[in-house]
Amino acid sequence: MSEVIKNRYEFVVLFDVENGNPNGDPDAGNMPRIDPESGLGLVTDVCLKRKIRNYVETVKEDAEGFQIYIKEDVPLNRSDREACKSLGIEETEDKKVTDALKKLKKNDPDADIKLRDYMCRNFYDIRTFGAVMTTFVKASLNCGQVRGPVQIGFARSIDPVISQEVTITRVAITTEKDAENKSTEMGRKSIVPYGLYRAEGYISANLARKVTGFSEEDLELLWEAIINMFENDHSAARGKMAVRELIVFKHSKELGDCPAYKLFDAVEVKKNEDVEYPRKYQDYTVEIREEKIPDSVEVKRMV
């Protein structure tokens, strides 16, 4: 594992969707998420982190130190038990594991740290985003909640988006009765014709050093995952999605050189004057106002 990061970072991600649903809302019939007051489209931080996890899992294929903790259909306590085994706890029933952890804590004051370090060392997403590990929480261990150094906010579209419902037909039939009736089924899918979304993120070198050990190698993998998070995740429902910009701000020290908002304000995304209804990325202009950025902060456009 390479050296732990020593610099604070902020970053801005611009991605777009064309004729797709970037993040459906299950409470609204899986329609695209939209701020009801402004009409701006929304994509949750959970959705973006899922894309990053999926990319890392695809690239690393559970290599040592790069496993993914939060997976679909995989119980979290299964991974927790692997950490317990590293400290000699072989129990498999949840109650017995909890009792054994409480007993271990009494005999070994450093049990919390050992379990936390095991999980951070083996699971990339815990090292990056942190996690709530229920097995350890139930046993009243402090390591049950790990605060990760990388945090991403909700993505919000630059301009209001219109959610359109498109009627579709299904010609495939399920039963012989359907064949006799020669009937087709009607359905609907919700899409955004076009939307350019902006997400902002933070990376704390202080938390990386004190808690998870997030390293320079992990950081490079994170940039790679953000840039390619839609490339191996295409589907008919999501339409055409792509990361258009990744703008990274690197501070000169661990605690940073200036407030994050000043750096975010330096990135201006505007719709071109002659465009009424944007339908492609070229309908926007992205400008970085260098005069608003301190000389000690390095700016890099990764895409």
Side-chain angles (χ1 to χ4, degrees), residues 3-17 22 35 37-45 48-49 52 128-129 148-161 194-209 214-216 218-230 241-303:
E3 190 177 18
V4 175
I5 62 170
K6 295 181 178 179
N7 306 84
R8 197 183 97 189
Y9 293 85
E10 273 86 41
F11 58 91
V12 175
V13 184
L14 297 177
F15 63 90
D16 60 0
V17 58
D35 181 341
E37 291 185 335
S38 66
L40 298 178
L42 298 173
V43 173
T44 65
D45 59 323
L48 297 176
K49 289 177 182 178
I52 293 170
T128 304
F129 303 123
V150 180
Q151 300 299 327
I152 303 175
F154 275 37
R156 189 179 297 271
S157 66
I158 305 301
D159 287 300
V161 297
Y194 183 82
L196 178 63
Y197 291 75
R198 171 177 174 152
E200 298 168 348
Y202 314 81
I203 303 177
S204 168
N206 187 257
L207 282 174
R209 175 176 61 82
F214 185 77
S215 68
E216 294 289 345
D218 294 330
L219 181 65
E220 290 305 312
L221 180 57
L222 176 67
W223 300 145
E224 181 185 330
I226 291 174
I227 292 170
N228 296 286
M229 61 182 172
F230 301 120
M241 295 188 69
V243 172
R244 296 294 189 161
E245 286 270 7
L246 172 56
I247 302 167
V248 176
F249 299 98
K250 180 181 180 180
H251 295 257
S252 65
K253 50 192 177 184
E254 184 181 279
L255 297 179
D257 302 295
C258 70
Y261 77 86
K262 290 189 176 182
L263 302 177
F264 294 146
D265 287 349
V267 179
E268 296 182 355
V269 184
K270 295 181 179 179
K271 183 175 64 177
N272 296 335
E273 292 183 2
D274 58 338
V275 175
E276 185 174 2
Y277 304 110
R279 287 295 183 267
K280 59 183 183 296
Y281 180 66
Q282 289 73 22
D283 290 337
Y284 289 90
T285 299
V286 180
E287 184 180 358
I288 300 177
R289 302 290 295 275
E290 301 280 354
E291 69 275 9
K292 293 185 177 182
I293 303 172
D295 294 337
S296 56
V297 177
E298 179 184 342
V299 185
K300 187 174 182 180
R301 298 177 86 155
M302 305 285 287
V303 179

Minimum heavy-atom separation for [X] to [Y], with atom names?
X    : Y    : answer
E216 : I5   : OE2-CA, 3.6 Å
A225 : I52  : CB-CG2, 3.8 Å
A199 : L48  : CB-CD1, 3.9 Å
L40  : P160 : CD2-N, 3.4 Å
P22  : M241 : CB-CE, 3.7 Å
I227 : V243 : O-CB, 3.7 Å

Can you find a heavy atom in the side chain of [X] that is under 4.5 Å from one in the side chain of [Y]?
X    : Y    : answer
V267 : R198 : yes
F214 : L207 : no
D16  : Y284 : no
V12  : E245 : no
L196 : D159 : no
I203 : L222 : yes
M302 : I226 : no
E268 : R289 : yes

(Q) What I want to find out is whether K280 reaches D283 closely enough, with some N-O distance under 4.0 Å, to be called a salt bridge. (A) yes

Q) Is the shortest distance from a Lys or Arg side-chain nitrogen in K292 or D265 to a carboxylate oxygen in the other one below 4.0 Å? A) no

Return yes if some donor-acceptor pair links the side-chain N/O of [X] with the main-chain N/O of [Y] below 3.5 Å, else return no.
X    : Y    : answer
D257 : R8   : no
Y197 : V13  : no
D45  : G153 : no

Q. Among W223, Y202, F264, F249, which one satisfies ring pair (Phe, Tyr, Trp, His ring centres under 6.0 Å) with F11?
A. W223

Look up atom [atom1] in [X] and atom [atom2] in [Y], then write down how far apart they are to the nearest 0.5 Å.
X    : Y    : atom1 : atom2 : value
I152 : T128 : CD1   : OG1   : 9.5 Å
R244 : F15  : CZ    : CZ    : 12.5 Å
S204 : Q151 : OG    : CD    : 9.0 Å
L263 : K250 : CG    : NZ    : 14.5 Å

Crowded around [X] [atom1]? As in, over 12 foreign heavy atoms under 6.0 Å?
X    : atom1 : answer
E273 : CD    : no
E37  : CD    : no
K271 : NZ    : yes
N272 : CG    : yes

Q: In sequence, state the C-alpha distance, the side-chain angles, and the governing distance for R301 and I288, and then conclude on side chain to side chain contact (heavy atoms under 4.5 Å, CB included).
A: CA-CA 10 Å; R301 298 177 86 155; I288 300 177; 3.7 Å; yes

